[in-house]
Number of protein chains: 2
Amino acid sequence: MASGSGQKLTIGVDVGGTNIRAGLVGARGRVYHRDKRPTPREGEAGEIVAAIVASIEAMLSKPKVTRKKITGIGVAAPGPLNTKTGVIMNPPNLPSWRDLPLKKILEKELKIPVDLENDANAAAVGEHWIGAGKNADSMIMITLGTGVGGGLIIGGKLWHGASDVAGEIGHTTIDPEGMRCACGNKGCLEVYVSATGIAERMRSVLDQGGESAVVEMLNGDRSKLTSELIYEAAEEGDLLARLTLEDTGVYLGIGVANLVNVFNPELVVVGGGVTRAGRLLFDPMKAEANKRSFQAAAKAVEIVPGELGDDAGIIGAARTVMLRKRRS
Amino acid sequence: MASGSGQKLTIGVDVGGTNIRAGLVGARGRVYHRDKRPTPREGEAGEIVAAIVASIEAMLSKPKVTRKKITGIGVAAPGPLNTKTGVIMNPPNLPSWRDLPLKKILEKELKIPVDLENDANAAAVGEHWIGAGKNADSMIMITLGTGVGGGLIIGGKLWHGASDVAGEIGHTTIDPEGMRCACGNKGCLEVYVSATGIAERMRSVLDQGGESAVVEMLNGDRSKLTSELIYEAAEEGDLLARLTLEDTGVYLGIGVANLVNVFNPELVVVGGGVTRAGRLLFDPMKAEANKRSFQAAAKAVEIVPGELGDDAGIIGAARTVMLRKRRS
């Protein structure tokens with residue numbers, strides 16, 4: 001138990017559209033305690049901030065944890081955000097957060113230094129530190145959840161870009177005349193491969209008369225279809241669910257090939273809830289990526305699932321604090 | 001005149017599918033002499049190598065140029081190639097060059113150290129040194145010619161990737177069910193926006209009965225249609241030629257937006273012969289890129305034409321030698 005060992009601890013918080021997760025992270029990345037609570041979805045910014053504070057206080061109140069042992073708090077949140085000022089700009093999934101100075105608010109409330117990082121970047125940093133990307137010189141992280149995020153490790157370091165928004169892989173166009181995305185563009189990768197996108201694609205086939213076991217699982221209410229239900233049905237052999245996941249893999253493979261051709265990375269790590277679909281997703285993704293990549297780039301890259309699961313954001317957020325302290 | 005000044009000189013050579021260009025480059029990037037000769041297109045590898053040697057010897061034979069003044073020879077050549085071993089792998093536009101150890105051959109012949117660099121990377125290095133990208137921390141170079149190449153400057157340095165093939169922007173998919181590319185993939189950017197691609201797209205509209213002044217300019221022989229002729233006709237107001245260039249800009253804009261969303265660079269520099277089309281190409285490209293880019297990334301980026309023209313490759317190849325010498 002770290003809290004007795006005298007070692008320094010960092011609090012990592014991962015603020016998602018669905019859940020807020022927090023963890024006490026040791027100097028080598030071990031997570032000692034965890035807290036998980038639903039994100040007040042319909043709430044004002046203040047309500048969500050209160051939930052974040054509560055999750056951090058849950059960590060601080062663990063036995064033998066003293067404020068002196070805490071090096072800082074790392075918060076992974078949906079972008080776009082400014083890591084220097086700690087202000088969240090206008091996250092599509094948390095619309096009440098326009099121009100929210102989250103770093104300042106949390107520091108005032110908690111009297112502990114706070115670092116903010118984009119959620120997909122945090123996952124990239126976490127996987128690169130102690131997960132699937134350990135020691136990689138170049139790595140692309142793709143996170144598949146409610147949205148699709150990305151993070152780039154170049155020359156062993158996270159690449160933030162000119163205005164802190166590098167890695168918006170979900171909003172690269174894979175079909176110029178494709179479906180409309182919430183960002184205003186048409187044919188974004190996210191529209192096809194996010195959890196929402198997967199469910200919507202299958203729903204539209206069902207609406208056109210497609211047959212699947214999920215209809216019965218939903219008692220006919222197709223509006224309740226989720227990506228999780230699709231994995232379940234696919235694992236039980238449902239053909240339409242399998243085809244939906246296969247198409248998801250193909251779309252993802254196109255996006256991955258584009259990244260591989262431009263970056264020529266050592267590693268592509270794919271994480272997030274959607275990867276629970278496992279090989280039903282990874283096999284067609286790898287095949288398509290391989291088909292569309294330049295041979296010399298395809299040979300050099302490995303495409304692997306993330307290793308840290310739901311902890312990736314917490315661990316990466318904590319690591320962000322450690323790296324910033326090392327630099328300063 | 002540098003040759004009298006005692007300053008060090010570097011020879012830069014740019015081996016293209018159409019021409020071999022060489023130049024004597026001063027320590028600050030000034031080009032003192034130039035040589036240009038056609039690439040023996042149907043020739044064996046040996047014939048092309050002989051032409052390269054001749055172009056370098058033309059530089060060495062300039063008055064007051066002595067071998068002692070030459071720091072090295074930089075050669076920009078079509079990739080994929082290995083910059084460490086100096087071997088050219090399998091360039092689609094120079095098929096006789098499979099696994100050609102160009103560095104070794106030239107060093108044996110000329111007794112001067114040779115550095116090899118991918119042609120689009122060399123253009124990126126040149127523009128970043130003394131052209132449109134001076135002092136940029138992050139920059140994407142796109143070269144539009146017979147093919148479409150790319151080079152990435154990240155953190156002020158050229159990014160080579162895990163196996164020396166980063167920057168293959170021309171082979172990113174912009175339409176998954178699009179036209180077949182020479183690389184085997186479907187819907188690559190190169191198919192739409194290379195000089196060849198532009199001519200082919202317009203030819204296919206003519207074949208379907210489209211009307212244009214170029215038909216007369218070609219005396220009816222549509223197989224001779226070139227991108228240059230299309231610019232000429234467009235400048236004279238030919239509607240179909242203008243639409244062809246506008247479409248080219250839109251396709252390019254999709255490719256640029258994808259790069260901007262992933263990298264979030266300060267600068268995108270577009271160079272190469274096709275940019276002679278000027279605003280007829282740049283205006284629709286910028287509009288489409290802006291429409292499809294994330295707001296925070298679109299705001300941070302400038303999209304500009306290259307400044308070094310046909311010298312970009314020569315200057316960048318020479319700069320590659322200087323940078324390598326500085327490191328070693």
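The chains referred to below are lettered A, B, ... by the order of the sequence lines, with proteins before strands, and numbering in each begins at 1. Side chains included, hydrogens not; waters and symmetry mates left out as well; all remaining heavy atoms used.
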At what distance, to the nearest 0.5 angstrom, does [atom1] of [X] lie from [atom2] of [Y]?
X	Y	atom1	atom2	value
B:Thr173	A:Asn258	OG1	CG	4.5 Å
A:Asn261	B:Cys188	CG	SG	7.5 Å
A:Ile154	B:Leu152	CD1	CG	8.0 Å
A:Arg292	B:Thr172	CZ	OG1	11.0 Å

Please look at [X] and chain A and tell me whether the side chain, the backbone, both or neither of the residue comes under 4.5 angstrom of a heavy atom of that chain.
X	answer
B:Lys157	neither
B:Ala297	both
B:Leu259	side chain
B:Ile174	backbone
B:Asn90	side chain

field: For chain B, the option from A:Gly178, A:Ala296, A:Ala166 that forms the most heavy-atom pairs under 4.5 Å
entry: A:Ala166
field: Residue selection (most heavy-atom pairs with chain B, distance under 4.5 Å) from A:Val165, A:Asp164, A:Val250
entry: A:Val165
- prompt: Within the distance-only criterion (no hydrogens, no angle test), does the side chain of A:Asn264 pair as donor or acceptor with the backbone N or O of B:Ala162 below 3.5 angstrom?
  reply: yes
query: Hey, does A:Pro176 have a side-chain heavy atom less than 4.5 Å from the side chain of B:Tyr251?
result: no
Test item: B:Val262 and A:Val262 side chains (from C-beta on) under 4.5 Å apart, heavy atoms: no
message: Can you classify the ring geometry of A:Phe263 versus B:Phe263 as parallel (below 30°), tilted (30 to 60°) or perpendicular (above 60°)?
response: parallel
message: Using a 4.5 angstrom heavy-atom cutoff, name the option from B:Gly161, B:Ala300, B:Ser163 with the most pairs to chain A.
response: B:Ser163
- request: Heavy atoms only, distances under 4.5 angstrom: which of B:Lys299, B:Met89, B:Gln295, B:Lys186 has the most pairs with chain A? Name it, please.
  value: B:Lys186
